[in-house]
Amino acid sequence: MARLNARHPWSHNDHFHAWILANLPARRGVALDVGCGRGELLAALSPYFVTVQGNDIDAGMREKATARCTGLSNVTVRGGDWTDAPGPVDAVTMIAVLHHLDAAAALQHVRRILAPGGRFLAVGLARPVSAVDHLWDLASTVTNPMIGYVKHPWPAAGKPQPAPFPVRDPTMSFDELKNTVVEVMPGAVMRHHLAFRHTILWTKPA
C-alpha cells in the first residue's frame with residue numbers, strides 16, 4: 001500500500017480547498033488563513049474576498065506563500081502570533097493546524113474575532129480511538145491509492161519527498177475535539193471524511 005501511495009502522491013490538505021470554497025460566508029470582506037503554508041489556499045480565496053490575510057510561524061513557508069501570491073494585491077502574508085491579527089474578520093480557515101494548537105483557546109479566539117455571520121472553516125486530524133474512527137481510517141487507507149491514481153495518474157519519479165511543512169500527530173480524539181468544539185461554538189458541524197481528515201463548520205450568530 002505504501003508503494004502504491006508513493007507512486008501516485010496527492011495532497012490530502014489541498015484536496016479540501018473545494019470544500020472550503022463551497023462553504024464561504026455570505027459576507028466576504030476579510031478572510032484569515034491560519035497556518036497558510038505555501039499559500040495555495042490564500043490564492044484560492046483571493047477572488048472571493050476583499051482582503052485575504054495569511055499567517056504562518058515558519059519563515060520558509062511565508063516566503064513560499066508570498067511568492068505564490070505575487071500579483072494578488074489583496075493578499076498579505078505575515079508571521080508572529082496569529083492571535084495578533086486584527087478583527088473582525090468574515091472567515092477564519094485552518095487546514096491541518098488546529099491539532100498544533102491549544103484547541104479550546106484557539107476556538108475561543110476564533111469566536112471572538114469573527115464578525116456576526118462570519119464562518120469558521122477547518123480541516124483537521126484527530127487521533128483514532130472509537131470503532132467509528134478506525135472504520136473511517138480503514139476506508140481512507142483503502143481509497144487513498146485510488147484517489148491518488150485519479151489525481152496523479154502518472155507514476156511519480158524519484159524517491160518520496162518528506163512533507164514540506166511541520167508534521168505533528170494529533171493527541172485529541174474526534175469525540176474529544178467535538179466536545180470542545182460544540183462547547184465553544186454551539187451549533188458547529190463536525191464530520192469525518194476520507195483522506196484521514198475531518199471538517200468543522202461554524203457560523204457565528206448574527
Side-chain angles (χ1 to χ4, degrees), residues 12-14 16-46 48-58 61-62 65 69 74-127 165-166 168 170-193 197-206:
H12 297 73
N13 293 333
D14 292 355
F16 284 91
H17 289 182
W19 176 83
I20 288 177
L21 296 180
N23 288 285
L24 297 177
R27 179 176 173 177
R28 300 175 186 177
V30 181
L32 170 63
D33 183 33
V34 181
C36 64
R38 296 173 295 185
E40 289 93 342
L41 182 57
L42 297 177
L45 291 170
S46 175
Y48 299 95
F49 287 86
V50 176
T51 302
V52 179
Q53 304 169 0
N55 178 275
D56 204 291
I57 61 172
D58 186 279
M61 290 293 99
R62 294 197 302 272
C69 297
N74 64 332
V75 176
T76 58
V77 180
R78 64 185 296 274
D81 192 330
W82 70 276
T83 60
D84 292 336
V89 300
D90 300 302
V92 176
T93 58
M94 296 183 184
I95 298 186
V97 170
L98 190 56
H99 69 286
H100 288 267
L101 308 173
D102 179 318
L107 293 169
Q108 288 163 1
H109 185 71
V110 170
R111 179 174 179 165
R112 283 194 294 270
I113 65 172
L114 275 176
R119 188 163 283 182
F120 176 53
L121 298 164
V123 178
L125 297 85
R127 181 170 60 92
F165 41 78
R168 178 183 178 185
T171 58
M172 295 182 75
S173 71
F174 181 91
D175 290 337
E176 289 171 336
L177 180 57
K178 186 173 183 179
N179 288 338
T180 301
V181 169
V182 172
E183 181 179 351
V184 178
M185 299 175 167
V189 177
M190 184 170 167
R191 292 196 173 109
H192 281 287
H193 290 268
R197 300 292 187 271
H198 60 256
T199 57
I200 304 170
L201 186 155
W202 181 67
T203 304
K204 185 171 181 175

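- In this structure, the separation between NE2 on His198 and CZ on Phe174 is 7.0 Å, given to the nearest 0.5 Å.
- In this structure, the side chain of Arg62 engages the main chain of Ile57 through a donor-acceptor pair within 3.5 Å.
- Without hydrogens or angle criteria, Arg168 side chain to His100 main chain gives a donor-acceptor distance under 3.5 Å.
- Interatomic distance, Asp33 CG to Thr93 OG1, rounded to the nearest 0.5 Å: 3.5 Å.
- Between Ala126 and Ser173 the shortest heavy-atom distance is CB-C, 3.8 Å.
- For the pair Arg119 (side chain) and Pro25 (backbone), a donor-acceptor distance under 3.5 Å is absent.
- Separation of atoms CZ (Phe16) and CG (Leu21) is listed at 13.5 Å; rounding is to 0.5 Å.
- Of the possible polar contacts, one joining the Arg111 side chain to the Val184 backbone as a donor-acceptor pair under 3.5 Å is found.
- In the model, His99 has no side-chain atom that pairs as donor or acceptor with a side-chain atom of Thr171 under 3.5 Å.
- In this structure, Gly39 and Cys69 approach most closely via the heavy-atom pair O-SG, 3.8 Å.
- The backbone N or O of Gly79 lies less than 3.5 Å from a partner atom in the side chain of Asn55, making a donor-acceptor pair.
- Residues Leu101 and Ala106 come closest through the heavy atom pair CD1-CB, 3.9 Å.
- The two atoms that bring Leu177 and Ala103 nearest to each other are CD1-CB, 4.0 Å, heavy atoms only.
- Evaluation of the side chain to side chain donor-acceptor pair (under 3.5 Å) rule for Asn74 yields Ser46 as partners, not counting sequence neighbours.
- Judged purely by atom type and a 3.5 angstrom limit, Trp202 has no side-chain atom pairing as donor or acceptor with the backbone of Gly187.
- Side-chain contact between Val52 and Leu41 is absent, with no heavy atoms from C-beta onward closer than 4.5 Å.
- Minimum heavy-atom separation, Phe49 to Val30: CD2-C, 3.9 Å.
- Distance check: Glu40 CD to Leu45 CG gives 11.5 Å after rounding to the nearest 0.5 Å.
- Taking Arg27 as the reference, Asp90 meet the salt bridge (charged side-chain N to carboxylate O under 4.0 Å, His left out) condition, with sequence neighbours excluded.
- At most 12 heavy atoms of other shown residues, nucleotides or ligands fall within 6.0 angstrom of atom CZ in Arg191.
- Here the CG-CG distance, from Leu98 to Leu125, works out to 10.0 Å after rounding to the nearest 0.5 Å.
- Test Met172, Met190, Glu183 against Lys178 for side chain to side chain contact (heavy atoms under 4.5 Å, CB included) and you get one pass: Met190.
- In this structure, CD1 on Ile200 lies 6.5 Å from CG on Leu107, to the nearest 0.5 angstrom.
- For the residue pair Asn13 and Ala96, the shortest heavy atom distance occurs at OD1-CB, 3.6 Å.
- Side-chain contact between Val189 and Thr199 is absent, with no heavy atoms from C-beta onward closer than 4.5 Å.
- Remark: Val110 pairs with Trp82, Val92, Met94, Leu114, Phe120, Met185 by the side-chain contact (heavy atoms from CB on, under 4.5 Å) rule, at least two apart or across chains.
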